[in-house]
Amino acid sequence: MLGEKIKKNYKSIVEKFEKKESALISLLYEIQKENNYISDGDISELSSLIDMPYSRIKSVLTFYTMFNQKKTGKYHIQVCRNLSCSMSGARNIINFIKENLKINEHEVSDDGLFSYTTVECLGACGSSPVVMINDTYYENMDEKKLRELIDKLRKE
Ligand code: FES
């Protein structure tokens, strides 16, 4: 279900763009900010609000990996699985997450704090392996750094 903030603000977001199609990414971003993910119900509601076909919104949503279509933890970890990151240890990071947080891809840890997905290139190949936690990049990642980071996030 769409949050109150987006229901209140969607018109002002659409008005910033020449075509409403151009506002779609911004609208989806705002929806995700409120709930951490975008459900099929959210798409239906948005479709009615902005008079755009459900299929059009869904196709944009599924194209961009930055949008979550399933419930995530408070801290959602995206692990790049593309070539540079794979060659410099992405698999070790994925295994570390699975073993230490006891989750598989798209699952949420029992405490509700963490989830993870693997994604294509995050655009920082020169400092691979790279992970992104919510909106923050962490480059040259390894298991030790990730353990420290997770411990820190648990205390916040
Ligand atoms: S390959 Fe991982 S950031 Fe580009």
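In each ligand, atom 1 is the first atom listed, and ligand 1 is the first ligand listed. Quick caveat, the model's predicted, so the values are computed rather than measured.
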Atom indices of ligand 1 within 4.0 angstrom of G123 heavy atoms, with elements
3 (S)
More than 12 foreign heavy atoms under 6.0 Å from CZ of R91: is that the case here?
no
For the residue pair H76 / T117, report whether a side-chain donor-acceptor contact shorter than 3.5 Å exists.
yes
Flag for S39-D42: side-chain donor and acceptor within less than 3.5 Å:
yes
Looking at atom 2 (Fe) of ligand 1, is one of the N, O or S atoms of C80 less than 2.8 Å from it?
yes
Relative to the heavy atoms of L122, which atoms of ligand 1 are at a distance of less than 4.0 Å?
3 (S)
Check each heavy atom of S128 against ligand 1 and say whether those closer than 4.0 Å belong to the side chain, the backbone, both or neither.
neither
Neighbour count >12 (heavy atoms, 6.0 Å) for atom NZ, K70:
no
Residue C121, metal atom 4 (Fe) of ligand 1, N/O/S under 2.8 Å
yes
Quick check on contacts: which atoms of ligand 1 are under 4.0 angstrom from a heavy atom of A124?
3 (S)
Strictly under 2.8 Å, is atom 4 (Fe) of ligand 1 approached by any N, O or S atom of C85?
no
Using a distance-only test with no angle check, is there a side-chain donor-acceptor pair under 3.5 angstrom linking E105 and T118?
yes
Nearest heavy-atom contact between Q32 and M66 is NE2-O, 2.9 Å
